[in-house]
Amino acid sequence: MSELTMDKLASFCKRTGIVFQGSEIYGGMGNTWDYGPVGIELKNNIKKLWWKRCVQQSENSFGIDTSILMNPTVWEASGHLASFSDPLMDCKECKTRHRADKLIEEYQRKTNNFDVNPDAMSKEELYDYIVKHNIKCPNCGKLNFTEIRNFNLMFETSRGVSEGKQSKIFLRPETAQGEYINFLNLQRTTRAKIPFGVANIGKAFRNEITPGNFTFRTIEFEQMEHQLFCHEKDAMAKYEFYKDFAMKFFVDLGMDREKLRFKDHDKLAHYAKAACDVQYKFPFGWDEMSGTHLRGTWDLSRHQEFSGKCMEYTDPYTNETFIPTVVEHTIGCDRLALALLCDAYTEEELEGGDTRIVLKLNPNLSAYKVCVLPLQKNLSEKAKEIYKNLTNFFMCSYDEAGSIGKRYRRQDEIGTPYCVTVDFDTLNDGCVTIRDRDTMKQERIKIDEIMNYVAKKLVF
Ligand code: GAP
């Protein structure tokens, strides 16, 4: 079987309706991707399962959905205006722009020489390393860069108040700030005592210039973020708890534990006191999928300072008054979707030399739980009746085109865990054949049992 590359995965995803290039008919637009009918179901399922873990099954944890556009002072208070930047340099020869740390990381991957950590280097150190190691422009192959500048990652837009009078606003680069600025509303309406958590899922935007690696780094992406407000004395234990919580979530989704690892940050973001990622071993190497951040009192203190609103909490038992400490658990939904696709993509050699592609996703993540297939077209009335009934319980698909073998393969490729085949006996005995995606084993069961048979595999 040939090795999985990001290009191979991208063309597989395009063919199967998982992901399409953004603005494709206009020649595309760098670092943007659209999810097709199968991909959107995968993403929705990821979000549903994460919400179930973080809100439904977590004690004292609530949900919120906050705005993408906020009062611009939020970004002054959060520190993003001053510090949320990447080290960029331009090639003087071909005028392309590059992230200095990423050029070094790419060089390290190619040469297998990990002598320095670009995350922990100053602008001057990055520049000197690039010159010393003769790291050339990936576009034109020359070594003639400008000096490195810090480039803010936030997208700006303007809000027209009245003609000629506009104010600059930003597309949020993280969803977390929506949770902090609602701390007082959350506490008042839930009457929750500390420690309590809040989860937020939504789009974030960053002006990323590093291309490639399919959907790994995009300018628009979805974050699933959970903030725990707690007392400082409990923060380290909670930080460790959320590190394990993230790892357990990925393993429970069926990911290969050997391809997951913790990675402490060498250089902390402006808000963090400690930070640890879960990295996944993508076909291009280990890289970040999610993070746990000990943000201390940074965010609430700054919002208190900039808004003038008191963010203190008084413990009803001890009467102690303090600004809560925040432990953040964050996952990029698109990164997780990408890692799950890499992890699930399998090419299997069958008896007789045939190959089948199977997306071995946890059934909870699969776009369709069941595909109903009439053996022949004249059985479609009964098959459609079964299909319609099953759609009351979960996403199903229906396929009557082509040989039964080809139809099974189409479902294997998009990860449908079960195919239900309706044949002539079905009309007499009320039974169907149910086929398992992974084992390809077939069983005969009653039509009435399909729902329970599938539901049993969906416990999470
Ligand atoms: N609120 C904290 C925060 O935003 P982050 O590490 O900058 O932390 C969290 O981002 C997660 O968002 C990352 O672990 C990653 O999965 C995802 N992410 C960040 N930038 C991304 C990008 N350009 N494209 C896709 N996902 C991204």
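We count ligands from 1, going down the list as the structure has it; atoms in each ligand are counted the same way.
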Tell me which one of [options] gets a heavy atom nearest to [atom].
{"atom": "atom 20 (N) of ligand 1", "options": "Arg295, Met289, Glu328, Arg206", "result": "Arg206"}
{"atom": "atom 13 (C) of ligand 1", "options": "Arg335, Glu179, Glu288", "result": "Glu288"}
{"atom": "atom 17 (C) of ligand 1", "options": "Ala269, Gly332, Ala275", "result": "Gly332"}

Can you tell me if Gln187 and Tyr313 form a side-chain donor-acceptor pair at under 3.5 Å?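 Side chains of Gln187 and Tyr313: no pair found under 3.5 Å.
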Side-chain H-bond candidate by donor/acceptor type, Thr416 with Ser366, under 3.5 Å: no
With nothing but distance in play, are any N or O atoms of Glu225 less than 3.5 Å from an N or O of ligand 1? yes
Pick one of side chain, backbone, both or neither for how Phe205 approaches ligand 1, counting any non-hydrogen atom pair under 4.0 Å. neither
May I ask you to list the atoms of ligand 1 that are less than 4.0 angstrom from any heavy atom of [X]?
{"X": "Glu174", "answer": "1 (N), 2 (C), 3 (C), 4 (O)"}
{"X": "Tyr271", "answer": "2 (C), 3 (C), 8 (O)"}
{"X": "Ser290", "answer": "14 (O)"}
{"X": "Arg217", "answer": "23 (N), 24 (N)"}

Heavy-atom contact check, 4.0 Å cutoff: does Thr330 meet ligand 1? yes
Considering non-hydrogen atoms of the protein only, which is the closest contact for [atom], and what is the distance?
{"atom": "atom 8 (O) of ligand 1", "value": "His293 CE1, 3.4 Å"}
{"atom": "atom 24 (N) of ligand 1", "value": "Thr218 N, 3.0 Å"}
{"atom": "atom 10 (O) of ligand 1", "value": "Gln223 NE2, 3.4 Å"}
{"atom": "atom 18 (N) of ligand 1", "value": "Phe221 CE1, 3.5 Å"}

Are [X] and [Y] ion-paired here, with the side-chain N under 4.0 Å from a carboxylate O?
{"X": "Glu413", "Y": "Arg410", "answer": "no"}
{"X": "Glu347", "Y": "Lys8", "answer": "yes"}
{"X": "Arg109", "Y": "Asp287", "answer": "yes"}

Checking Asp86 side chain against Asn150 main chain: does a donor-acceptor pair fall under 3.5 Å?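 Between the backbone of Asn150 and the side chain of Asp86 there is no qualifying donor-acceptor contact (under 3.5 Å).
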For Asn364, is there any backbone N or O sitting under 3.5 Å from a side-chain donor or acceptor partner on Lys369? yes
How about Lys238: does its NZ atom have over 12 heavy atoms from other parts shown lying under 6.0 Å from it?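 Atom NZ in Lys238 is not crowded, with 12 or fewer foreign heavy atoms closer than 6.0 Å.
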Pairs meeting criterion salt bridge (Lys or Arg N to Asp or Glu O under 4.0 Å) with involvement of residues 194-214, two or more places apart: Arg99-Glu208, Lys203-Glu220
